[in-house]
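First the structure, in the form of structure tokens, and then the observations on it.
The analysis underlying the following values was restricted to heavy atoms, covering all of them including side chains, and did not include hydrogens, waters or symmetry mates. Sequential numbering from 1 along the given sequence is applied to the chain's residues. For ligands, and for the atoms within them, numbers begin at 1 and follow the listed sequence.
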Amino acid sequence: MSRFFSKKYTALQPYIPGEQPKDMRYIKLNTNESPFPPPKSVVKAVREQSLKCNLYSDPTCGALVEKAAQIYGVKKTQILPTNGSDEILNFAFMAFCDKDTPAVFADITYGFYSVFADLHGVPYRTIPLKDDFSIDYRDYCGVNATVFIANPNAPTGLALSKPEIEEIIRSNPNNVVVIDEAYVDFGGESCVDLIEKYDNLLVTQTFSKSRSLAGARLGFGFANEQLLADLNAIKYSTNPYNVNRMTMEAGREALCQQAYFDKKCKEICNTRAFTADRLTRLGFTVLNSKTNFLFIKSRKIGGKELYEKLKEKGVLVRHFNGERISEFNRVTIGTKKQMEAFLFCVEQILKEKENEKSK
Ligand code: PMP
């Protein structure tokens, strides 16, 4: 830290992204990306736009918003595209939280919520998940704070039902409720259609998981016109060209290829079921995931040790140090072949562990 760094940031603990080591080729199951490349037409659209890189992108994201409105069944005025969904979440903390309006979120959820809160000096309260890691929606009713809920949640993969989410929105009429639907396409129920009904709802989604565009950085906020105006005020006060022209076209073309992504999501859900079944038979606890990852725990080996041993064998998964989750690993669902390789390594590691014990 330099002596020039503003005092207001000195205690900041930045978000730690999943590792991207370059020392060898890994099977990468640690950052919940899609294992599938985007369709060729998306790559072509990116190439074409790159030829016009001398020109700024359209700050209104007009063509992208038009296509998105059609696909999501909302008005063009109800969509705000952003640089990944992290950016819309950041905007939400800036727009809808302050000293008098704290934030509320689960004790085990997406790690960026507390980072954004700290970044903007927003006080926050965390609500413990139940012992089975599920969320009790009643804990979020009438909380008098801005609510952030990842649905399905990460890293647990568990989802709340739409009526439960709706009850949370209804019971907080004087506060914004942010529903982060980063993983909704893998089995969750979207609340995008509720933005017409509730003026306090912001739904966020990303193209990083189900639409194979993590590296392009594209997210969306969906809300009524008034909330969107607030979020736009933040956008135009930070970076009007927040979505670059390659990404904008990649996103628009991706929305034209819905059948491709539906097929890939289905494939991931099938591979998730296959992997969960095999892990259960190996004695793992596997939470009921509605996402493109599994949250798993073994009785035979600790979470950190399994993570390290898998890494030695060339498989990267995510391990968190948090008190209640340190015995777990979060494993992204890759291709069937990748998951077979992962399971093979897990079996080997468990066998080695048995042999160690019997020595
Ligand atoms: N929300 C949740 C729950 C996530 O896990 C992630 C991915 N790290 C994000 C939002 C942000 O994703 P992105 O910025 O790539 O859209």
Residues K263, E267: salt bridge by 4.0 Å N-O rule
no
Please walk me through it: do T275 and L294 pass side-chain contact (heavy atoms from CB on, under 4.5 Å)?
CA-CA 9 Å; T275 311; L294 290 173; 3.9 Å; yes
Please check if the number of heavy atoms outside I16 that lie under 6.0 Å from its CD1 is greater than 12.
no
Under the side chain to side chain donor-acceptor pair (under 3.5 Å) rule, collect the residues that match up with S190, sequence neighbours excluded.
E181
Specify whether F220 and F207 have parallel, tilted or perpendicular ring planes, treating 30° as the upper limit for parallel and 60° as the lower limit for perpendicular.
perpendicular
Please list, in number order, the atoms of ligand 1 under 4.0 Å from a heavy atom of G84.
14 (O), 16 (O)
Take Y15 and Y110 through the ring pair (Phe, Tyr, Trp, His ring centres under 6.0 Å) test and state the conclusion after the steps.
CA-CA 10 Å; Y15 178 73; Y110 185 34; 5.7 Å; yes
Taking the side chain from R330 and the backbone from N30, do they hold a donor-acceptor pair closer than 3.5 Å?
yes
re atom 5 (O) of ligand 1, the protein heavy-atom contact at minimum distance is Y183 OH, 2.7 Å
Counting only heavy atoms closer than 4.0 Å, does ligand 1 sit against the backbone of S85, its side chain, both, or neither?
both
Checking contacts here: is it the side chain or the backbone of F112 that comes within 4.0 Å of ligand 1, counting heavy atoms only? Could be both or neither.
neither
With the threshold set at under 4.0 angstrom, would you say F207 reaches ligand 1 through any of its heavy atoms?
no
When you compare ligand 1 with T206, is there at least one nitrogen or oxygen pair between them that comes in under 3.5 angstrom?
yes
Run the numbers for me: atoms of ligand 1, each under 4.0 Å from some heavy atom of K209, listed by number.
7 (C), 8 (N)
Heavy-atom proximity to atom 14 (O) of ligand 1 ranks first, among R217, Q205, E181, for R217
In the protein, which heavy atom is nearest to atom 8 (N) of ligand 1, and how far is it?
Y110 OH, 3.2 Å
Less than 6.0 angstrom from the centroid, inside 45 degrees of the normal: does K235 satisfy that with respect to the ring of F91?
no
Among protein heavy atoms, which sits nearest to atom 11 (C) of ligand 1, and what does the distance come to when rounded to 0.1 Å?
D86 OD1, 3.1 Å
What is the closest protein heavy atom to atom 15 (O) of ligand 1, and at what distance does it sit?
S208 OG, 2.6 Å
Atom 1 (N) of ligand 1: the protein heavy-atom neighbour that sits closest, reported with distance to 0.1 Å
D180 OD2, 2.6 Å
